[in-house]
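Below is one structure, written out as C-alpha cells; the observations come after it.
Chain letters run A, B, ... following the sequence lines, proteins first, then strands; residues in each count from 1. Atoms considered below: every heavy atom in the structure, side chains included; atoms not considered: hydrogens, waters and symmetry mates.
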Amino acid sequence: MQHLFLIDGSGFIFRAYHALPPLTRSDGTPTNAVSGFTSMLMKLVEDNTADHIAVIFDAGRRTFRNDLYPEYKAHRPPAPEDLIPQFPLVRQAVQALNVACVEMEGFEADDLIATYARQAREKGMKVTIVSSDKDLMQLVADDVELWDAMKNKAINRDAVIEKFGVPPEKVVDVQALAGDSADNVPGVPGIGVKTAAQLIEEYGDLDTLLARAGEIKQPKRRQTLLDNAEAARISRQLVTLRDDVPDVQPLETFTKALPEIGTLTAFLEEMEFRRLLATVKGRHQAAVSEPMQATTSRDATQAMTAGGSRSDQTHTPAAPADTAYELVQDIDTLRRWVEAAHTAGVIAIDTETTGLDPMTAALVGISLATGPGQACYIPLRHVAPQDQGDLLGGAPEAPPQIPMTDVADLLRPLLTDRSVLKVGHNIKYDLHILAREGLAVTPLDDTMVMSYVLDGASHGHGMDELAKLHFDHDTITFETVCGKGKSQITFDRVPLDKALAYAAEDADITLRLHHYLKARLFNERMLTVYETLDRPMVGLLFDMEEAGIRADAAALLALSEDFAARMTDLEAEIRTLAGEEFNIASPKQLGEILFDRMGLKGGKKSAKTGAWSTDAEVLETLAAEGHALPARVLDWRALQKLKSTYTDALIKQINPRTGRVHTSFAQTITTTGRLSSSDPNLQNIPIRTEEGRKIRRAFVAAPGHVLISADYSQVELRLVAHVADIAALKQAFHDGQDIHAITAAQVFGVPVEGMDPMLRRRAKAINFGIIYGISAFGLARQLGISNGEAKGFIDAYFAKFPEIKAYMERTKAEARDNGYVLTPLGRKCFIPEIQGKNPAMRAFAERAAINAPIQGGAADIIKKAMAALPDALRAAGLSARMLLQVHDELVFEAPETEATATAVLVKQVMEQAATLSVPLIAETGIAASWAEAH
DNA sequence: GATCTCACG
DNA sequence: GACGTACGTGAGATCA
C-alpha cells in the first residue's frame, strides 16, 4: 500500500522555534527554528517508510476565509522578530533535503493538506499528517492519521473522540459551536467544547441542532443559540477545511527521493549547522567507501542513493555501479550507439574542438550519452599525441578513426529525428561546430539554460560548477587534459584514452543534469518560463550568430585613419598645454598632472585606491570652468574609445569566410533575464554622438537587401505603469500622450501646452530614476541639482503617483522574503545581497530589486516576440533574417522587395507579444545601414 | 587580475 | 542616522 506523508510546515516551524534557545549564524542571522526544523525533517525523512512526502506551508496571511469573515485570525500577533528571516531559510531546508514543498496563495496549509489527503485516499493510499493541530483532526479516518512528531505518537479516531467528545466527522460541528479564540472563530458565546459535544451528541449535527434550538430546556442556552445561529454557521464554514483546492501540484511529484549530497552539505555549511553536517558527511563517506574506478563510477551520490527508494521526477538518475565509456573507432560500434540513441529517446551530445571561438574552432570529436553512465566518444580528427615520438624511428601516426563523412551520414538522421531529444550544455556552441560539418540538430534542450532559468545569476552555469553543486562530483578539467599556458595543447593532440574519459564524462553529466533540472523546472513552477521564453532562444540565437551582420571594412578603416589623424593633432596640443610628455591614456598620470602639478580644484579621489578621478564628469566640470587641457583630453578620449573599441576591433572581427561580423549572444549571464553580447559586443555600438553614429553607418545590408530596425517605445516605463499599477500613467499610455510631459505637468503643476523644455527634461530624468530605484543623490547628480531639490521632486512624484511607493515597498519585501523577485511573466531575478548586513550593499540590492521586474519584464517580452517571429515570417512567406537584439530593439535583414511587408509584420508581432494593462508600441525603420534604419 | 573609463539599453 | 549611491551589460588600456 502506498503511503503519503504530509508535513504541516508552519506547525513545524513554530514548534522548532519555541523548543530551541536563540541561535544565530556568524553573520547574525537567527537560525534556531531552521536548525530545529531541519533536524526534525531529516529525521522524519529517514525514519518513515512513506513513498510520497511533502511539506505544506501557508502562503500568506490572507485566505478565502478573510472574505467570509474579516476578523478571522485577525488578533494573531505577528511572528516574532527573529523568526521572520527564518521562513525563507526553512523553505531552503526543504529543498536541500529534496522534499517537495507546496504552498498556495489564498489557501491555508490545512486546506492543501485536506485536498491531498482526499486525493490520496481516492487512490487507495494511506496518509499520515505530521501535525498535532486540532484543526486537522476533522481529517482523521481509518486510512488517515495525525502524527505528533514531538511526542512521537499517533492521533487516531479514539484520540480525537477524547479531545472533542465526538468522532472526526463531527469535529467541525463542535468547533462551530465552541469557537476558537486563537483563530478568532466566534462560535456561540458561553458554549465550550464540552457543551458543544453534548449538544451534537444529542441532536446529531449542527443543522439539526439549530433547527430545533427552540426545544432546548435551559432558557439562557436556548436564547443564545437562537441569537447566534448565523455565527455558528459562519464558524463552521471557517473551520471546515477545503479538500477541493483547484490546480494543485500533482501528488505524483511528491515521490520520495533522497537528498543530493552536494546541495545538502552546501546548505548545512551556509547555515553553519556543524553537527548535522558531520552526521551527513559521515554517512556519505560510509556509503561511498567502495573505491571509484577511473572512468566508470562517476558520481559519489549514486552510492548513497542507490539503496533508497527513488523518484524519477525529483532526482538525478542512479547510474549503474559499473558504467562504461566506450571509444568508437569503427562503423559497427557507431551503428550500435545510434540505435541505442533511438531507443533512449533522450540523448546528450557534446563536441570537442580546437578552440573556443564557435565560428572558427574545428571539430575534433563527438561524444554521446544514452543513459546514466552510458556514453561514448567518437574521435574524428585526432592526430598523433605530442609525446608519441620516434622511439622506433617511425613517423608518429594518427589513431584509427572513422572518416568524418561516414560519421556525418550515420548521425544526420539521428540529429534531426523529431522523436529523439538532443541535450547539450551550452549547445549553441556545438550547433555552430556541427553546422560547419553540414549537420543540423533538432529538437534541443540546453542544461545551461535550464539551470539559468532556475537559479539565475545566483551561481555560474558551467558544467564543472553544476556537477560539483548538484552531484558533488569533480569533473575532469580541461586543464588536466590539455594543460595550460604556453604548453597547452589542442584537443586533437590528446591521447584517445584521456579524450574518452573527458569527453564521455561531459555527455554523461549533461544527461544527468537534464534529468535533474527538468524535474526541478516542473517542481519549482519554472517550466513555462523555460519553454516559452528561454528554450526558443537557443536555436534562434544560433541562427542570428550564424547569420552575422555585414560590416563595411573600407568605411571602418577610413574612420580609423580619420580618428588617428585627429588624435595626433590633439596629442600635440595636449602636451603643449601640459608642458610635458605623458601617457594621455593613463588616468593616473593625467590626474597627477591636473591636480598635483597644475593644482586645479574640484578633484576627487577614489575611495579604493586614493587615485584622482579623471572621468568625463570631472573633466567636463573643469572644461566648463574654462580649462583647455581637460577639454582636449575629453575630445581625445572620445576618439580613442571609438577607434580602439570599435573601428579597429570591428575590422579584426569581420569573418573572412562570410565578410560579416558574428557576435556571440550569452543567455545565462544577467541577473534580469536580458541577453548579453560579446566578441564583439554588438549591443553597445555608438549612437549618441554624431562621430559614433558614423560607426553604426558601417553596419549595412547585403546587396539587394535592407536592414530593418524595430524597437519598443518606452517599454520599461510601460512596465512600470503595469507592474506598479499606476492609474495616471496607464491612462497616459492608453491616450498615446508624451509621457515625460505628462509627468512634468503632474510633478511641477504646469500645463502640458507650452511647457518649458527644462521641466520636461527633469521629468524624464525622474522617470528614468524610477526605473532604477530612485534616490535623491542619484537624481541630484544626474540633473546637477542639490540633494534637497531632488528630494522635493521625488516627494512630488510620489504624491502624484502614490502607487509607485507601494510597488517599491512590496518589491523590497518580496526580495527580502524570497531572495528573489518575479517579473510579470514569472522569471526569478535573484537579489542575494538583500539580506546583507551592510546598509550600503542592502540599499544597492533594494534598488536592483525594484529595477529587476521592470528590466526583466521587458527582456521577457522581447524574448516572446523573438520566439514568435520566425514562424510568423515563414507563414507570411517572408525571408527576412533576424540579426541582432539590443534589449528593446531587433534588427533584421530583408530583401528590398519585402522590406515594407516585413516591417509591418514585425511591428505587429512585437506589439502583440504580451498583453499588459498598457499598450505596447514598436517603431520600425528601413534603410541600407543600421544608423539610418534605427 | 584589478581598476578605471566609457560605449549601449 | 549611518551606509555611499541611480539599473543592467562588455571591452580596452594601464598598472601592479
Can you find a side chain N or O atom of Ser678(A) that sits less than 4.0 Å from OP1 or OP2 on dG10(C)?
no
Of the candidate nucleotides dA6(C), dC15(C), dC3(C), which contains the atom at the shortest distance from the side chain of Gln589(A)?
dC15(C)
Less than 4.0 angstrom between a side-chain N/O of Thr672(A) and OP1 or OP2 of dC7(C), yes or no?
no
Using Watson-Crick or G-U wobble geometry with both distances under 3.5 Å, which nucleotide pairs with dA2(C)?
none
Toward the 5' end of DNA chain C, which comes first, Ala843(A) or Ala848(A), by nearest nucleotide?
Ala843(A)
Identify which nucleotide among dC6(B), dG8(C), dT5(C) has an atom closest to any side-chain atom of Arg674(A), counting heavy atoms from C-beta outward.
dG8(C)
Examine dT5(C): is either OP1 or OP2 under 4.0 Å from a nitrogen or oxygen in the side chain of Arg847(A)? Give yes or no.
no
OP1 or OP2 of dT9(C) less than 4.0 angstrom from a side-chain nitrogen or oxygen of Thr671(A), does that happen here?
yes
Would you please say whether a donor-acceptor pair under 3.5 Å links the side chains of Glu571(A) and Trp636(A)?
yes
Searching all strands shown, indicate the nucleotide that pairs with dC15(C) (Watson-Crick or G-U wobble; both distances under 3.5 Å).
dG1(B)
Which one, dA6(C), dG10(C), dT9(C), comes nearest to the side chain of Leu779(A)?
dA6(C)
Reckon Thr609(A) has a side-chain N or O less than 4.0 Å from the OP1 or OP2 of dA2(B)?
no
What's the closest nucleotide to the Pro587(A) side chain, out of dT5(B), dC15(C), dC7(C)?
dT5(B)
Name the closest nucleotide to the Ser644(A) side chain, picking from dG12(C), dA11(C), dT9(C).
dG12(C)
Out of dT14(C), dA6(C), dT5(B), minimum distance to the side chain of Ile774(A) belongs to dA6(C)
Is there a salt bridge (charged side-chain N to carboxylate O under 4.0 Å, His left out) between Arg550(A) and Glu893(A)? Walk through the geometry before answering.
CA-CA 10 Å; Arg550(A) 188 162 175 240; Glu893(A) 186 174 47; over 6 Å; no
Between Ser677(A) and dT9(C), is there a contact of a side-chain N or O with OP1 or OP2 at under 4.0 Å?
no
Between Asn583(A) and Ala457(A), which has a closest nucleotide on DNA chain C that is more 5'?
Ala457(A)
Would you say a side-chain N or O of Lys588(A) is under 4.0 Å from OP1 or OP2 of dA16(C)?
yes
Using the P atom as the point on both nucleotides, what is the distance between dA6(C) and dC6(B), in whole Å?
14 Å
Less than 4.0 angstrom between a side-chain N/O of Asn684(A) and OP1 or OP2 of dC6(B), yes or no?
no
May I ask you to evaluate whether Gln782(A) reaches the phosphate of dT5(C), defined as a side-chain N or O under 4.0 Å from OP1 or OP2?
no
Hey, is the main chain of Val453(A) close enough, under 3.5 Å, to the side chain of Arg827(A) for a donor-acceptor pair?
no
Quick one: does Lys641(A) reach the base of dC6(B) with a side-chain donor-acceptor pair under 3.5 Å?
yes
Report yes or no: is the cationic atom of Lys828(A) (NZ for Lys, CZ for Arg) under 6.0 Å from the centre of the six-membered ring of Tyr820(A), at an angle within 45° of the ring normal?
yes
Let's see if you can work this out: which of dA11(C), dG8(C), dT14(C) has an atom nearest to the side-chain heavy atoms of Gln855(A)?
dG8(C)
Base dT5(C) paired with Ser775(A) side chain (donor-acceptor, <3.5 Å)
yes
Is a donor-acceptor contact shorter than 3.5 angstrom present between the side chain of Arg688(A) and the base of dG9(B)?
yes
Check for me whether the distance between the ring centres of Tyr797(A) and Phe801(A) falls short of 6.0 Å.
yes
Measuring from the side chain of Ala649(A) (C-beta onward, heavy atoms only), which nucleotide among dC8(B), dA11(C), dG12(C) has the closest atom?
dG12(C)
Between Asn767(A) and His740(A): side-chain donor-acceptor atoms closer than 3.5 Å
yes
Any N/O donor-acceptor pair, Gln683(A) side-chain to dC8(B) base, under 3.5 Å:
no
With rounding to whole Å, what would you report as the distance between dT5(B) and dT5(C) at their P atoms?
14 Å
